[in-house]
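Take a look at the structure below.
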2 protein chains.
Amino acid sequence: MARALAKKVETSTMLLEAAKKVLRQNGHSGLSTRDVAAAAGVPLSQIHYHFGSKQGLMLALFDYLNAQLLDRQNAMFHDATLSLSQRWDRACDYLDEDIASGYVRVLQELIAASWSDPEVAKVVRSGLMSWLELIAEVARQADKELDGLGPFSAGEVAALVSSAFIGAESLYLLGAEKKGGPVRQSLRRVGDAIRMAEGKSSKR
Amino acid sequence: MARALAKKVETSTMLLEAAKKVLRQNGHSGLSTRDVAAAAGVPLSQIHYHFGSKQGLMLALFDYLNAQLLDRQNAMFHDATLSLSQRWDRACDYLDEDIASGYVRVLQELIAASWSDPEVAKVVRSGLMSWLELIAEVARQADKELDGLGPFSAGEVAALVSSAFIGAESLYLLGAEKKGGPVRQSLRRVGDAIRMAEGKSSKR
DNA sequence: GCATAATTCGGTCGACCGACCGAATACCTA
DNA sequence: TAGGTATTCGGTCGGTCGACCGAATTATGC
């Protein structure tokens, strides 16, 4: 049983990695279960055996990816040695990494898929709400360390930051950056703004 | 000839409106040319007659919609009687309208479609770059009226604002707002922040 | 080593898609 | 009204998709 279970997990992972690869290359509308099975080097029927359906595969893929990223972000945000602006810079570094690795494309495709599929939406939404909460936590900390958050609540800051990152990813994928839209650069600048606020803060 | 041309334009418009409707209901992956033709009440072959292909229909649809929205936004931004914060509030009003009318869904679907289709990307990108330029213009004005834009250039502000709106739309479609993510509310708050800056500005 | 369950495999089925075609019709010109 | 062109129409073709099935293979417990 032990070896069989290991093999089962291995095949599942192969399929998830293959799905990630195909999704990155072809997008959600161009993803067929046949392509995924071929990329994973396993028969087509394995997908339905392991995940029940194409939708089941998508849901499992989101969980698989989001868990990894959320862990990473959580660790970084709880590193007490980093200042707020340093955390922002790190988040921008992560964005660059995730674009390069293709994570961004995959996650954006899953978000887009969820607009048409309530089941997927449920999973993706709950995954992204974890991000909102994580960012809100940092915002609450910023509220203490700096001179407040202006007219914004911590939750509103989190929503704004999330929107900006999600939107920036979308625009990057569109190719806006190559046509003179300083998308990632403008996110980096926010780090400068935070640094200015840190310098001026009366609480340090 | 005059009547034939009028009829031709009319049928084209019917098809574009039908495509908008289907896209809003089913998303891009769920859009079939048959559904569009049925919704428009015209035969399937009309789509290929008027637009050559499904892709041609999508491209024409984007031009059709973006031209409308850009005109509206352009008129509002050039209304000299409005203050910066009032313009921001108006932009938020427009967002609410466009969500209600389904424009947001359609445009987001087209953006997502462009991730997989370089031809569509080219058209969508150039359409969105017009927005960037429009917003940058307003940002330049803000740079004069307020006490500068902090560490941001006008282009960077435009990129940031665009990202935030695009991302907010995406998150709204996902249903984040119903699960406690104050997406549109946080955008409205930016108007409050601008009002605060207007009040403090030394140049008024 | 034998019986049983878990897993893998190739193959196929019905549904749906975009694209295309040639006939039929409506329209304008003269 | 006659002739020619622009448009509309029903129908079909090749191809791909997700889903499913039953046999074959492998691993496990006794």
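Numbers restart at 1 for each chain; the letters A, B, ... are given by sequence-line order, proteins then strands.
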Quick test of your reading: applying salt bridge (Lys or Arg N to Asp or Glu O under 4.0 Å), list the pairs with at least one residue in [range], sequence neighbours left out, ordered by first then second residue.
range: residues 72-90 of chain A; answer: A:R72-A:E97, A:R72-A:D98, A:D89-A:R195
range: residues 165-182 of chain A; answer: A:E177-A:R184
range: residues 53-68 of chain B; answer: none

Inter- and intrachain pairs under ring pair (Phe, Tyr, Trp, His ring centres under 6.0 Å), touching residues 67-86 of chain B, at least two apart =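 Not a single pair qualifies under ring pair (Phe, Tyr, Trp, His ring centres under 6.0 Å).
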Show me the side-chain donor-acceptor pairs of residues 14-23 of chain B shorter than 3.5 Å, one per line, residues at least two apart or across chains.
residue : atom : partner : partner atom : Å
B:E17   : OE1  : B:K20   : NZ           : 3.4
B:E17   : OE2  : B:Y64   : OH           : 2.6

Taking [atom1] from [X] and [atom2] from [N], how many angstroms apart are they, rounded to a whole number?
X: A:Y49; N: C:dA6; atom1: OH; atom2: P; value: 8 Å
X: A:F51; N: C:dT7; atom1: CZ; atom2: P; value: 13 Å
X: A:I47; N: C:dT8; atom1: CD1; atom2: C1'; value: 14 Å

task = Consider only side-chain N and O atoms of A:Q141 and A:E145, and report whether a donor and an acceptor are under 3.5 Å apart.
result =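 Yes, A:E145 and A:Q141 have a side-chain donor paired with an acceptor closer than 3.5 Å.
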Give the table of side-chain donor-acceptor pairs shorter than 3.5 Å for residues 123-134 of chain A, with sequence neighbours excluded, one pair per line with atom names and distance.
residue : atom : partner : partner atom : Å
A:R125  : NH1  : B:L174  : O            : 3.0
A:S126  : OG   : A:V123  : O            : 3.4
A:S130  : OG   : A:S126  : O            : 3.2
A:W131  : NE1  : A:N66   : OD1          : 3.0
A:E133  : OE2  : A:R140  : NH2          : 2.9

key: C:dT7 OP1/OP2 closer than 4.0 Å to side-chain N/O of A:H50   =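 No.
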message = The criterion is ring pair (Phe, Tyr, Trp, His ring centres under 6.0 Å); which residues satisfy it with A:W88, sequence neighbours excluded?
response =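 Expected list: A:F165.
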query = Quick one: ring pair (Phe, Tyr, Trp, His ring centres under 6.0 Å) partners of B:F51, sequence neighbours excluded?
reply =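 Listed in chain order: nothing, the list is empty.
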note = In 5'-to-3' order, the base (B), backbone-only (S) or no-contact (-) status of each nucleotide in nucleotides 13-20 of chain C, using a 4.0 angstrom heavy-atom cut-off, is ----BBB-
ask   = Listed by chain and number, what are the side-chain hydrogen bond (donor to acceptor under 3.5 Å, both in side chains) partners of B:W115, not counting sequence neighbours?
value =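 Per chain and number, B:W115 pairs via side-chain hydrogen bond (donor to acceptor under 3.5 Å, both in side chains) with no residue.
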ask   = Of all of residues 105-120 of chain A, which get a heavy atom below 4.0 angstrom from DNA chain D, listed by number?
value =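 Going residue by residue through residues 105-120 of chain A, none turns out to have a heavy atom under 4.0 Å of DNA chain D.
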inquiry  = Using a strict heavy-atom distance below 4.0 Å, which residues from residues 15-27 of chain B are in contact with DNA chain D?
reply    =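 By residue number: none to list.
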